[in-house]
Every structure is written in structure tokens, then in C-alpha cells.
Amino acid sequence: DAEITQSPRHKITETGRQVTLACHQTWNHNNMFWYRQDLGHGLRLIHYSYGVHDTNKGEVSDGYSVSRSNTEDLPLTLESAASSQTSVYFCASSGGSRNQYFGPGTRLLVL
Amino acid sequence: QKEVEQDPGPLSVPEGAIVSLNCTYSNSAFQYFMWYRQYSRKGPELLMYTYSSGNKEDGRFTAQVDKSSKYISLFIRDSQPSDSATYLCAMSGRGSEKLVFGKGMKLTVNP
């Protein structure tokens, strides 16, 4: 069955370190999205991609970057982790129906 | 004013109750309206999807969209403890695959 996976599921890091969160989908979807979910803020869009080599900034993109070298993967990089980036990160993909399929999430703690 | 407003609750009801969840929005360009359900420590999953105005029913769930009032609702009949989750509304405009989410309402159905 097609699925979307995220790794790691939990991560503890220190401020200033570079962190990369992986997202892999086997739906063959063109569209992929990264969100962060925080209490009181709901889901906020960080970056998104509509296809290979396409990336776009979302609502809260400062301090984050993505690159899309193939259809299946959209890794999210925190250039220099900050405590404000402690959050739960969700990756999602869609095939153009606006039904986004979400991964299980990555819990990131920045100390 | 945020584009999508949703009372974050929490909401606690007895089993069998009718639950009403609501969102308001300010962007008249929104054409696609969705409700996602998110269980604790899981990713959101699509529950209901409506295009433009009107009602849609699926089992115990009914989604309503009133574009003139910029107001959407999700009704859950005969609520069950298994309905305990966070419910997020989401919206999208024509030509955009991006979703704008409400903050989510945490619902608990007590047996």
C-alpha cells in the first residue's frame, strides 16, 4: 500500500545545529508540504513543492529550507536550530485533489 | 484577523450527543472546504470534503458550507468515544493546492 513516512519520529538537538527531517511518499504525488503544529497555532505551512526542483515558501519559512530532487522525497532542513523551532513537524502529499495525506509526524526538541 | 478562525475548545460531551463544530473565514476566494480528524500523536486524516456551498453527509457526519456567511460546520450525530480527537477545518482557493487550517477543536466524548 502507498504511504508517507517521516524520520526520525523523535529528535533532540542543541541550538545552532543543523537538522534534517526526512519525508518519503510512495503515492507518486507531485505536491508535497511541510507543516509545523504548535499549541495555540494549529498547523502552519513551512514550505511546499509542486514537483521536482520546485520549492515555495509558506507562512513560517524563516530558518527552514527544502529541496526536491525526486518525486518521492522532500527533506526539511533547519539551518541552525533554535528553541523556537521545538515543535511537531508534519509532512503531507497530495495528487491534485486537495486531499492531503499526512505522515505520522516528527517531534523535535531543541535544547 | 486570521483567514480561518476556529474555537480551539476543548469540548467535552456525553456519548450519544450531537456535536457541532464550526469555522469562520474571511477569504471569499475559498472554494474547497475540508474537515480533518487528528487522533492523539497521529497525523491528520481527511474526514469530509465539500466543494462550494451546500451539505454533504457521510454516515454520522454532516458537513455544511454557507459561503454567504463565510461559515462552515461539521455535525456528528450519536457521538461515540472513538470520535474523541482534534478536528481541524481547512480551506483552499481555486487554482491553489495549499490549505489554510483552523487551529483545531479538541473533542472528548465521554462513555
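Throughout, a chain's letter reflects where its sequence line sits, starting with A, and its residues are numbered from 1. Keep in mind it's a predicted model, so treat the numbers as computed, not measured.
- Of the atoms belonging to N31(A), it is side-chain heavy atoms, and not backbone ones, that fall under 4.5 Å from chain B.
- Considering only heavy atoms from C-beta on, K103(B) stays 4.5 Å or farther from H41(A) through its side chain.
- Between chain A and the options G43(B), P44(B), P8(B), A90(B), the largest number of non-hydrogen pairs under 4.5 Å is found for P44(B).
- Neither the backbone nor the side chain of Y101(A) has a heavy atom closer than 4.5 Å to any heavy atom of chain B.
- For chain A, no part of Q6(B) is nearby; none of its heavy atoms comes within less than 4.5 Å.
- Within the 4.5 angstrom heavy-atom criterion, atoms from both the backbone and the side chain of E97(B) approach chain A.
- For a residue to count as touching a neighbouring chain, one of its non-hydrogen atoms must lie under 4.5 Å from one of that chain's; by this rule T86(B) does not touch chain A.
- The one candidate from Y48(A), Y35(A), F33(A) that meets the side chain to side chain contact (heavy atoms under 4.5 Å, CB included) condition with L99(B) is Y35(A).
- Per-residue heavy-atom pair counts under 4.5 Å with chain A were compared for Y32(B), F101(B), Y36(B), Y49(B), and the maximum is reached by Y32(B).
- Looking only at side-chain heavy atoms (C-beta outward), L88(B) and Q37(A) come within less than 4.5 Å of each other.
- With a 4.5 angstrom heavy-atom cutoff, L43(A) touches chain B via backbone and side-chain atoms both.
- In this structure, the portions of Q100(A) lying under 4.5 Å from any heavy atom of chain B include both its backbone and its side chain.
- Applying the 6.0 Å contact sphere to CD1 of I12(A) captures no more than 12 heavy atoms from other residues, nucleotides or ligands.
- The choice from G58(A), G40(A), G105(A) that makes the most heavy-atom pairs within less than 4.5 Å of chain B is G40(A).
- Looking at R44(A), there are no atoms closer than 4.5 Å to chain B (heavy atoms on both sides), in backbone or side chain.
- Between the R98(A) side chain and the M91(B) main chain, no donor and acceptor come within less than 3.5 Å of each other.
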